[in-house]
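Presented below is the structure to which this report refers.
Remember, it's a predicted structure, so these values are computed and weren't measured experimentally. Just so it is clear: chains get the letters A, B, ... in the order the sequence lines come, proteins before strands, and each one is counted from 1. Heavy-atom basis, side chains included; hydrogens, waters and symmetry copies ignored.
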Amino acid sequence: MTLKAVRGFKDILPDEAKKRQRIEEGARRVFASCGLEEIRTPILEKTEVFARGIGEHTDIVEKEMYTFEDRNGELLTLRPEATAGILRAVIEHKLYNKAPVLKLFTIGPMFRHERPQKGRLRQFHQLNAEFIGSSSPLADADCIFLAYEIVSMFADSEDLILEVNSLGCPECRPLHRKDLVLFLNNNRDDLCKDCKRRSKTNPLRVFDCKNEECQQVLKFAPVMKHYICPECASHMGRVLDALEAYGIPFVQNPYLVRGLDYYKRTTFELKARGLGAQSTVAAGGRYDGLSQLLDGPELPGVGMAVGVERLLLLMKDGAEPKRSDLFIAALGDEARTEALYWLGYLRRKGLKVEYSLEDKSLKSQMKQADKAGARYCLIVGEKEMDEEEAILRDMKTREQETVDLDDLPEILVEKLKRDRKILEGD
RNA sequence: GUGGGCGUAGCUCAGUUGGUUAGAGCGUCGGGUUGUGGCCCCGGAGGCCGAGGGUUCAAGUCCCUCCGCUCACCCCA
């Protein structure tokens with residue numbers, strides 16, 4: 001077989017690239033409207049950044065990272081998520097001294113060695129936002145606002161469900177965890193194999209179990225709600241109030257858990273119908289304390305990520321038709337040379353002008369003009385060259401007129417201006 | 001890592017109980033006015049039928065192995 005792209009890595013072909021551009025442009029508008037600035041960090045980081053940031057015992061770090069030694073024997077990793085790298089950059093450049101609160105976004109590829117399936121690739125792309133330096137619940141709400149706004153630009157809001165939860169803090173979370181582990185151990189015999197394993201590795205995950213019997217048992221399990229400290233409770237309350245004020249519908253899900261160790265307090269997932277098993281299109285949460293894990297100062301933070309591929313899955317397809325202002329059909333070498341002059345001239349004026357790279361018959365050039373979605377077609381042959389004129393054809397009305405070559409720019413600009421208001425600066 | 005489904009032109013797919021030169025639609029290119037697009041008509045190019053092995057006089061069709069894609073578990077955006 002011929003060479004193929006690596007498993008889980010996909011080529012983004014022109015039609016899809018167009019959709020992604022729309023997503024990115026939309027996201028940038030929303031980010032800007034909330035006052036975020038762009039940051040771009042390297043795709044490659046020292047493995048340590050993720051091992052310490054995300055947590056040694058998470059699935060991501062234990063078995064999903066693209067990690068390798070470079071030629072100097074240094075352990076490097078293709079970023080599996082954005083937050084750890086951004087925080088590393090913030091700490092390294094002491095950005096936190098520039099402003100009390102940093103509002104940053106980034107857009108780019110992430111890498112995780114998982115088994116590909118619907119909505120899950122090994123190279124995937126995220127729209128990422130981070131509020132660093134604020135412990136205000138309003139920052140949490142703004143993050144959720146961003147996720148919700150961006151996703152609902154492209155997806156039917158009927159299909160969206162926002163789930164919110166608080167994981168508590170280092171004060172109250174351990175109490176719940178301890179009791180939960182105790183409970184799970186006492187009911188060990190009634191749990192499925194996976195839950196037995198989970199109760200050791202990541203006890204909160206048992207709540208995700210789809211097994212009926214496990215769910216029966218879990219009905220009586222200790223719930224975080226009863227352990228949450230007053231500070232965390234009030235924080236959560238203020239986040240929810242802010243969401244109400246923003247007019248964003250949500251449900252509370254006390255069992256919502258995150259896969260990364262660094263999350264504290266607020267956590268959320270925006271789920272969508274129609275995505276299959278990977279139903280989360282955006283997610284995020286608060287990560288106070290992550291900075292210290294990376295040797296930084298105490299810096300509270302909250303962030304979110306939108307999965308671009310999953311958003312793509314939610315978008316109605318329907319490629320927009322091609323459009324261009326003019327197609328120049330030239331016949332003969334002399335006419336071609338003349339065409340190049342006009343091509344350069346009109347393109348520099350900002351018009352979209354196309355022509356045939358190959359020496360083709362007029363008929364086939366006309367077909368090409370049609371496919372290019374040309375509004376007008378300029379026909380220049382030997383006859384026209386001799387008279388220093390050309391035929392300008394309106395592709396919509398099929399009307400043609402003979403124009404003097406020197407008048408061509410004015411005539412075209414006039415016509416196109418009338419058509420649409422494309423050419424302000426002219 | 002584990003399981004299910006599927007691999008036939010660029011794309012979507014037909015291919016009868018194994019039987020001779022493997023088909024269609026769309027797309028692509030050309031022709032129907034030796035200088036005029038869309039619709040229509042005609043024609044061309046394009047397939048080691050995922051790869052390797054086996055059964056058979058005969059394999060796209062049956063069997064085995066591998067590879068790939070896909071969905072799900074797991075996990076997550």
Using a heavy-atom cut-off of under 4.0 Å over every strand shown, decide if E384(A) touches base, sugar-phosphate, or nothing.
base
In this structure, which one of F124(A), Y66(A), F68(A) forms a ring pair (Phe, Tyr, Trp, His ring centres under 6.0 Å) with H113(A)?
Y66(A)
Across the strands shown, which category fits K63(A) at heavy-atom distances under 4.0 angstrom: base, sugar-phosphate, nothing?
nothing
Mind checking R7(A) for me? I need base, sugar-phosphate or nothing, with any heavy atom below 4.0 Å counting as a touch.
sugar-phosphate
Integer-rounded Å distance: C74(B) C1' and E114(A) CD:
9 Å
Value in whole Å for how far the C1' atom of G37(B) lies from NZ of K371(A):
10 Å
Categorize E269(A) for me: base, sugar-phosphate, or nothing, with a 4.0 angstrom heavy-atom threshold over every strand shown.
nothing
Quick note, K360(A) side chain, CB onward, closest among G35(B), C73(B), G30(B) is G30(B)
Between atom CZ in F327(A) and atom P in G38(B), what is the gap in whole Å?
14 Å
Report which part of the nucleic acid L121(A) touches: base, sugar-phosphate, or nothing (heavy-atom distance under 4.0 Å, all strands).
base
Which of the following nucleotides, G35(B), A77(B), C71(B), is nearest to the side chain of Q117(A)?
C71(B)
Between the side-chain atoms of K363(A) and the base atoms of G32(B), is any donor-acceptor pair under 3.5 Å?
yes
Round to the nearest Å and state the distance from K118(A) atom NZ to G5(B) atom P.
20 Å
Counting any heavy atom closer than 4.0 Å, what does G119(A) reach on the DNA or RNA strands: base, sugar-phosphate only, or nothing?
base
Are there over 12 heavy-atom neighbours, none belonging to K352(A), within less than 6.0 Å of that residue's NZ?
yes
Counting any heavy atom closer than 4.0 Å, what does A283(A) reach on the DNA or RNA strands: base, sugar-phosphate only, or nothing?
sugar-phosphate
Nearest-nucleotide wise, let me know which of L331(A) and G8(A) is further upstream toward the 5' end of RNA chain B.
L331(A)
Separation of U33(B) P from Q365(A) CD (nearest whole Å)
19 Å
Atom NZ of K367(A) to atom P of G35(B): distance rounded to whole Å?
15 Å
Using the P atom in both, what is the distance from C62(B) to U17(B), to the nearest Å?
11 Å
Select base, sugar-phosphate, or nothing to describe what L311(A) touches, counting heavy atoms under 4.0 Å on all strands.
nothing
Donor-acceptor pair, distance only, cut-off 3.5 Å: does the side chain of E338(A) make one with the backbone of M385(A)?
no
Is S364(A) near enough to C29(B) that one of its side-chain N or O atoms lies under 4.0 angstrom from OP1 or OP2?
no
Considering every strand and a 4.0 Å limit on heavy-atom distances, what is the contact class for K10(A): base, sugar-phosphate, or nothing?
nothing
Out of G35(B), U70(B), C75(B), whichever nucleotide has its closest atom nearest the side chain of R115(A):
U70(B)
